[in-house]
Amino acid sequence: MSQGVNASEIAKMEAPSEAVNPEHGLPESFGEGIFGRTLFWIAVAFSIFQIVTSFGIPLDRPFLGSVTLLHFLMVALVAWAGWLILKGVRRRNVLDGALAWIAVAAAFGLILYFGGSLPSQVVRALHVGFLCLVAGAMIGNHRATSSTGRALGWGIGIAGFAVGLYQWVLYNDLVVRAGELTQADMIFGIAALVILIYLVWQVMGIALPIVACTFLAYCLLGHLLPTPLDHRGYTLEQVIEHMSFGTEGIYAVPTLVSATYIFLFILFGAFMEKAGVIDFFNDISMAVFGDKKGGPGKVCVASSALMGTVSGSGVANVVASGQFTIPLMKRFGFPSAFAGGVEATSSMGGQIMPPVMGAVAFIMAETIDVPYSKIVEAAIIPAILYFGACYLAVHLEAGKRNLHGLPKNELPNAWTELKKNWFLITPLGVLVYLLFAGYTPLFAGAVGLSLTVALILGTAIAAGLAVPALRVAFWVALALISAASLAASVTLVLVVVALLSIWNAFSGRGRLTLQACVDAMADGARQALPVGLACAVVGIVIGTMTLTGLGTIVGTWMISIGKDNMFLALVLTMVFSLILGMGIPTIPNYIITSSLAAPILLNLDVPLIVSHMFVFYFGIMADLTPPVALAAFAAAPMAKVSGLKIGIQAVKIALPGFIVPYMAVYDPTLMLQPVPGLEGASYWLAVVYIVVKAALALTLWGVAAIGYFLTPLSWWERLWAAAAAAFLVLAVPITDEVGFGLAALFIGYHIWRTRRAAAPAISG
């Protein structure tokens, strides 16, 4: 190449086209024709509904004098309708505009039915209803081979949405007669479960529906089982009332979190991608790491870590980042399976990478009732160790194969990229500040999303200002106005966004930018499908726990084991999580396993956050563990090798993900958790000690797994390194001393052997 290239250009040149999203098996589009456009605007309406309800925007309260936001909304809708009528009179095509108007009006109509402030139960029911509608319509648009099949898909989706509307219309009546279901309640309650389970089956595979149906069967038939697995018995009406109404079944805490935090942060990631942040991260990674030994692999690790700050989905990271990193790694000499393994491992790490992490982190914060910042704090050191080990694996493999980096003159310049696009990460910086300043994730996400949209719209406006001084003045004014609005309320920030949207509507470039924002809203709704559906259906498991007391039964059994052997209880929890994760995604895996195992670990004196993090980590590792490794199989088409081979490589690279949780259980300082008797300097010395020990152990394990340190290792040297690492990890008296001793001897011997082998070559 004669000229420099950046990450986005490499992606275009080398990335294979991905037909479907591996998380839900559906194409990354809404379909063709009128059905596709209708679904697109339904998805936009879904996002509007979630934004308004998540932000808690008071549409019916006075905003300027006696004027409310509702008045502004009515004026905007009337003006929009008038414009469409005028276009129609002029014989222009207004179908798409009419669909958009209906969708937006319907979204606000759902909200205004309760005066602008919807009860939590209604928000959850409509959230699941929208998910069912979008999922059913996607299936109808993409999988149907006939008009009948398409009608069936849409019909199932509409029926799922009707279940949500039923609770929207009859909310007050349902509250009054709680516990006494009518025949109509029974019909809609059964329909809610059947439709949800069917759609999850179609979108996410059969494993999770089998789990849900097994737990439902236990509710209805568990009284027939022998002691201690039996319960007192429940009628169909009791089970339906518990699962389909109230907040214990499919509308439990996971659905609440999906309808608020998770959806908001998915939208945040979608808008950040539209703003160009993903390309910016890729270019920075290329600039910093591209010329290093094994540069393309290190770019993969760095870009995945950075992407993890805005995208909590590991599989989404595999698809987005792997499109250019995997072909690039292969081109520069890395084996296909190793390239796919690096991408899968580093991308899955995005779920434990602060500040945003994965959706599970928000569910965890809500479940155990701790500030989200505490979850992030606990994840910082393990995340650094995880990505450090991935980076080391690439470095060692590159040394083993004598692979060099990309030519410096073909790479972007980091300083140039920062000067040109530094402003792209300001919303992320504000988000991080708010999370650690004690604000709720909901508020921080709302502000981050608002600022990202303002940034996108502001960039389009500034590009149209020919005079540099005007551009500077515009950005300064926008920053000051946004800061002042933020100090007052999120609502004012949205008003700023609305004004920027109006400004953009009157320029060609601005209208394209507005369309990109609308596309991001639709994309966010589509990306929420696997997460939202999983959160809803796994509520059946939670409902079974609260209805029958199954968690207590399992807990009593595991506690009896753990009292005699804590390590065995941890291994059983790990195996259960890995097996469960082979069939279902991380979110339902965490919810199910944490419902059963995390309270048990807590009763065995494992700190609260550590016990939940233990479960969380192995839920992630399940996506890398053969034979069913979703992240590995997502990387397979790009690596052009079997997912099983990628999974084997990923397990070797991801060893820290298996080791760190155990170390944190026996020494909680690894997750910055308080330890009785340790305070001040002694506490931080303990933190430094465990970090150094963990880093050394992971380095030795990486060396043993790759078979290379400064030079290739013999089989007995690999065993030596692995033994030293094992002693460092074991929480038994004197093992640390033995581990450090073996490590020092191994490193000293290897350096001596390397220098002795190099001496004849130098003298010759």
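Keep in mind that what you see is a predicted model, and the values were worked out from it rather than measured.
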- Query: In terms of ring plane angle, is the pair F567 and Y662 parallel, tilted or perpendicular, where the classes change at 30° and 60°?
  - Reply: tilted
- Nearest heavy-atom approach of S346 to C300 is OG-SG, 3.6 Å
- Query: Say you draw a straight line from CD1 of I380 to CG of L672; how long is it, rounded to the nearest 0.5 Å?
  - Reply: 6.5 Å
- Does anything in residues 720-747 pair up under side chain to side chain donor-acceptor pair (under 3.5 Å), and if so which pairs, sequence neighbours excluded? Y689-D736, K693-D736
- Note on the structure: Which of L730, V729, L570 passes side-chain contact (heavy atoms from CB on, under 4.5 Å) with Y666? It is L570
Sequence neighbours excluded and cut-off under 3.5 Å, please list the side-chain donor-acceptor pairs for residues 704-712, or say none.
from: Y708; atom 1: OH; to: L710; atom 2: O; distance (Å): 3.0
from: T711; atom 1: OG1; to: R753; atom 2: NH2; distance (Å): 3.4

- Item | Reported CD1-to-OG1 distance for the pair I542 and T247, which is rounded to 0.5 angstrom | 11.0 Å
- Query: Just how far is it from atom CD1 of I747 to atom OG1 of T699, taken to the nearest 0.5 Å?
  - Reply: 8.0 Å
- Would you please name every residue forming a ring pair (Phe, Tyr, Trp, His ring centres under 6.0 Å) with W716, sequence neighbours left out? Y749
- Message: Taking ring pair (Phe, Tyr, Trp, His ring centres under 6.0 Å) as the definition, give me every residue that meets it alongside Y386, ordered by chain and number, with sequence neighbours left out.
- Response: none
- Note on the structure: Sequence neighbours excluded, the answer for side chain to side chain donor-acceptor pair (under 3.5 Å) partners of Q649 is none
- Listed by chain and number, what are the side chain to side chain donor-acceptor pair (under 3.5 Å) partners of T260, not counting sequence neighbours? none
- Task: Over all heavy atoms of both residues, which pair between F334 and G294 is shortest? Give the atoms and the distance, please.
- Result: CZ-CA, 3.8 Å
- Task: Test side-chain contact (heavy atoms from CB on, under 4.5 Å) on L264 and L449 and set out the steps.
- Result: CA-CA 8 Å; L264 210 57; L449 177 58; 3.9 Å; yes
- Atom CD1 in I609, atom CD in Q673: separation rounded to 0.5 Å? 4.5 Å
- Pairwise side-chain contact, P382 with M671, heavy-atom cut-off 4.5 Å (strictly under): yes
- Please report the closest heavy-atom contact between M663 and L728, naming both atoms and the distance. CE-O, 4.4 Å
- With F614, which of Y617, F616, F618 fulfils ring pair (Phe, Tyr, Trp, His ring centres under 6.0 Å)? F618
- Message: Test your reading of the model: is there a side-chain donor-acceptor pair from S258 to the backbone of P254, 3.5 Å cut-off?
- Response: no
- Item | Side chain proximity check, I381 to V687, heavy atoms < 4.5 angstrom | yes
- Across all chains, not counting sequence neighbours, the side chain to side chain donor-acceptor pair (under 3.5 Å) partners of S54 are none
- In this structure, CG of L385 is separated from CD1 of I659 (nearest 0.5 Å) by 12.0 Å
- Item | Heavy-atom closest pair, residues L700 and A721 | CB-O, 3.6 Å
- salt bridge (charged side-chain N to carboxylate O under 4.0 Å, His left out) partners of residues 369-390, not counting sequence neighbours, each pair once: none
- Task: Identify the heavy atoms of A725 and A697 that sit nearest to each other, and give their distance.
- Result: CB-O, 3.4 Å
- Ignoring hydrogens and geometry, is there a side-chain-to-backbone donor-acceptor pair from K298 to H395 under 3.5 Å? no
- Message: Can you list everything that forms a ring pair (Phe, Tyr, Trp, His ring centres under 6.0 Å) with F289? Sequence neighbours excluded, please.
- Response: Y391
- Task: List for me each residue that meets ring pair (Phe, Tyr, Trp, His ring centres under 6.0 Å) alongside F280, sequence neighbours excluded, and say none if there are none.
- Result: none
- Task: Please identify each residue that fulfils side-chain contact (heavy atoms from CB on, under 4.5 Å) with P674, with sequence neighbours left out.
- Result: none
- Item | Smallest separation among heavy atoms of A650 and L624, with atom names | CB-CD2, 4.1 Å
- Message: For the CD1 atom of I352 and the CD1 atom of I375, what is their distance to the nearest 0.5 Å?
- Response: 13.5 Å
- Residues which pass side-chain contact (heavy atoms from CB on, under 4.5 Å) with V253, listed by chain and number, not counting sequence neighbours: V257, E366, T367
